[in-house]
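Take a look at the structure set out below.
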There are 2 protein chains.
Amino acid sequence: MSDRPVQGLRERKKAKTRALIQKEALRLFREQGYAETTVEQIAEAAEVAPSTVFRYFASKEELVFIDQFPPFAEALNAAPAELNPVQAVRVAMREVTAGQTAEEIAEGVERERLMLTVPELWAASLENVSGTLRTMQEILARRAGRAVSDPEIRNITGAITGVVFAVWLDWVKDPVMDGPAEVDKALAHLEAGLGL
Amino acid sequence: MSDRPVQGLRERKKAKTRALIQKEALRLFREQGYAETTVEQIAEAAEVAPSTVFRYFASKEELVFIDQFPPFAEALNAAPAELNPVQAVRVAMREVTAGQTAEEIAEGVERERLMLTVPELWAASLENVSGTLRTMQEILARRAGRAVSDPEIRNITGAITGVVFAVWLDWVKDPVMDGPAEVDKALAHLEAGLGL
DNA sequence: TATCAAATAGGAGTCTACTCTCAAAATATG
DNA sequence: CATATTTTGAGAGTAGACTCCTATTTGATA
């Protein structure tokens, strides 16, 4: 009869510890650099043992990750069928960023900045990047009624990714910039044939 | 009046040792994987001391590199002024691959394959990639009489890079494919507005 | 409260890239 | 041939990510 807590104290504490470790890690990475931060320092800052850090995260690199792609994939899947690939991507992106608070976006930018800045992390994101590319290719192919291996689909996916990536590189260098808006503008430019 | 050798014996021996170390390293990487190959093994295979490996190469990652970009940059710079960016890139690429033997190309593919496959190397190529992007952006901007920071130039550069990259990913998975030809076709597709 | 299960601290230990030192060997030079 | 300079081998040493074990604590359960 006693109230069953939504989640045991143990679970809540675990989640809290995990979040704390990650938060402190990101802070230290930002303040003194990734390579310059040892796992021991992170453990100390989070007031846990180094071994505990590894119980929560398989590796130092993993401290930076959060899968942000799934929502985008869903939105892209759900975009109106009559839109061309670039239009669909634009719509999906707008939808995702619209569903995020300013804080969430800022946090995302910080994470991306780390990823694009720190070689080690760039490495860890290899699977992310190529996986993202493949997933996007699959979705776009299905939408267009083409095979996944269709070179044209591959080219379009590559171009979209390349353009978005180029904007990110600028964005990361100049955080004042309105990232989502700039990405949208760039995709519009691509859609218009890049004004060759 | 003894003949002055084109290059002292010392120099030649150095170059030879360096080449041998790199060759053995690449072989081992290919045969048993990058992470699975220790510097000690490389040293053993090349019949030198581990410390000697580090005297020639600053890090394990550096064993994979060769700057292949400069010739492309030159060719891009020299391309006829009336060509649009994509056309200029196509011409430059054709020129570069035309000046390479089949062996050189194959070796390049092998290197790229490693780069795109092994996370650690992908990391090391971060500077290469973003540096390449920036250089290309500079050249294209100058050719178009625009500022380097011009968003349109950035977008075009991003799209070209993205398309080429996407082809590479395919190429790496299927080495039978005629890479240069496929890249050229993809760029033609981009030039035509991606057939949206 | 008593018992059980899970999580943690603490620390010893491994692995490997990378550094440093020094003496020996190879090469250049007169 | 004699001397100076470079390059090398050998090995000890460092650092930091990551693993594994054990005693202790902490939360769940009845």
Side-chain angles (χ1 to χ4, degrees), chain A residues 1-22 24-26 28-29 32-65 114 118-125, chain B residues 1-22 24-26 28-29 32-65 114 118-125:
Chain A
M1 229 39 51
S2 66
D3 42 347
R4 155 100 53 86
V6 189
Q7 219 179 10
L9 172 55
R10 212 167 239 170
E11 307 294 318
R12 270 177 293 157
K13 213 167 179 182
K14 264 174 84 172
K16 214 167 157 184
T17 304
R18 191 189 150 89
L20 178 64
I21 293 173
Q22 192 170 39
E24 291 299 317
L26 287 175
L28 287 170
F29 292 163
Q32 56 183 20
Y34 179 83
E36 290 70 25
T37 302
T38 72
V39 173
E40 202 172 347
Q41 290 176 329
I42 297 171
E44 201 177 348
E47 295 181 314
V48 297
S51 46
T52 302
V53 173
F54 285 108
R55 224 195 314 281
Y56 281 102
F57 300 90
S59 69
K60 186 181 171 186
E61 292 162 353
E62 216 173 85
L63 283 161
V64 181
F65 292 138
L114 269 175
V118 181
E120 289 95 320
L121 297 178
W122 174 249
S125 74
Chain B
M1 262 5 57
S2 66
D3 43 348
R4 155 97 54 83
V6 189
Q7 218 179 8
L9 171 55
R10 219 166 236 172
E11 308 293 319
R12 271 177 290 157
K13 215 170 180 180
K14 263 173 85 170
K16 214 168 161 185
T17 304
R18 191 188 149 89
L20 177 63
I21 292 173
Q22 191 169 40
E24 291 299 317
L26 287 174
L28 287 170
F29 292 163
Q32 58 182 26
Y34 179 83
E36 290 71 26
T37 302
T38 72
V39 173
E40 203 172 346
Q41 290 176 329
I42 298 171
E44 203 178 345
E47 296 181 311
V48 298
S51 49
T52 302
V53 173
F54 286 108
R55 207 174 285 119
Y56 280 101
F57 299 90
S59 69
K60 185 182 171 187
E61 293 162 351
E62 214 174 88
L63 284 162
V64 181
F65 292 137
L114 269 176
V118 181
E120 289 95 319
L121 297 178
W122 174 250
S125 73

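Order of the sequence lines fixes the chain letters, A, B, ..., with proteins taken first and strands second; residue numbering starts at 1 for each chain. Here the structure is a predicted model, which is why all the values come from computation and not from measurement. The analysis underlying the following values was restricted to heavy atoms, covering all of them including side chains, and did not include hydrogens, waters or symmetry mates.
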- Task: Write down the atom of A:L28, the atom of A:A45, and the distance for their closest heavy-atom approach.
- Result: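 The pair with the smallest heavy-atom distance is CD1-CB, 4.0 Å.
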
- Query: What is the minimum heavy-atom distance between B:P50 and B:E40, and which atoms define it?
  - Reply: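 Taking every non-hydrogen atom into account, CG-CG, 4.4 Å.
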
- Residues from residues 45-54 of chain B lying under 4.0 Å of DNA chain C - heavy atoms: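 B:S51, B:F54, in order of number.
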
- Item | Sub-4.0 Å heavy-atom contacts from residues 33-43 of chain B onto DNA chain C, ordered by number |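 Close to the strand are B:T37, B:T38, B:V39.
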
Whole angstrom value for the distance that separates [atom2] of [N] from [atom1] of [X]:
{"X": "A:Y56", "N": "D:dT19", "atom1": "OH", "atom2": "C1'", "value": "18 Å"}
{"X": "A:K14", "N": "D:dA28", "atom1": "NZ", "atom2": "P", "value": "12 Å"}
{"X": "A:L20", "N": "C:dT8", "atom1": "CG", "atom2": "P", "value": "12 Å"}
{"X": "A:R12", "N": "C:dA7", "atom1": "CZ", "atom2": "C1'", "value": "16 Å"}
{"X": "A:I21", "N": "C:dA7", "atom1": "CD1", "atom2": "C1'", "value": "12 Å"}
{"X": "B:R18", "N": "D:dT7", "atom1": "CZ", "atom2": "P", "value": "14 Å"}

- Task: For B:R55 and for B:S59, locate the closest nucleotide of DNA chain C by heavy-atom distance; then report the residue assigned to the nucleotide nearer the 5' terminus.
- Result: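 Nearer the 5' end of the strand: B:S59.
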
- Message: Checking B:A49 now: which residues fulfil side chain to side chain contact (heavy atoms under 4.5 Å, CB included) with it, not counting sequence neighbours?
- Response: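 B:A49: side chain to side chain contact (heavy atoms under 4.5 Å, CB included) contacts with B:S51, B:T52.
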
- side chain to side chain contact (heavy atoms under 4.5 Å, CB included) partners of A:R18, counting only residues at least two apart: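 For A:R18 the side chain to side chain contact (heavy atoms under 4.5 Å, CB included) partners, ignoring immediate neighbours, are A:Y56, A:F57.
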
- Item | Contact state string [nucleotides 23-30 of chain C, B base, S sugar-phosphate only, - no protein heavy atom under 4.0 Å] | ---BBS--

- Spacing of OG1 belonging to B:T38 relative to NZ belonging to B:K60, to within rounding of 0.5 Å: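 With rounding to 0.5 Å, OG1 (B:T38) is 7.0 Å from NZ (B:K60).
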
- Message: Nearest 0.5 angstrom please: B:L63 CG to B:I21 CD1, how far?
- Response: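 Going from the CG atom of B:L63 to the CD1 atom of B:I21 covers 8.0 Å.
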
- Select one nucleotide: of D:dC18, C:dA7, C:dC18, the one nearest the side-chain heavy atoms of B:K60.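 Closest nucleotide to the B:K60 side chain: C:dC18.
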
- Message: Set out, in order, the CA-CA distance, both residues' side-chain angles and the distance that settles side chain to side chain contact (heavy atoms under 4.5 Å, CB included) for B:L26 and B:L114, then state yes or no.
- Response: CA-CA 9 Å; B:L26 287 174; B:L114 269 176; 3.7 Å; yes

- Message: Please enumerate all residues that pass side chain to side chain donor-acceptor pair (under 3.5 Å) together with A:Q41, with sequence neighbours excluded.
- Response: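 For A:Q41 the side chain to side chain donor-acceptor pair (under 3.5 Å) partners, ignoring immediate neighbours, are A:Q32.
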
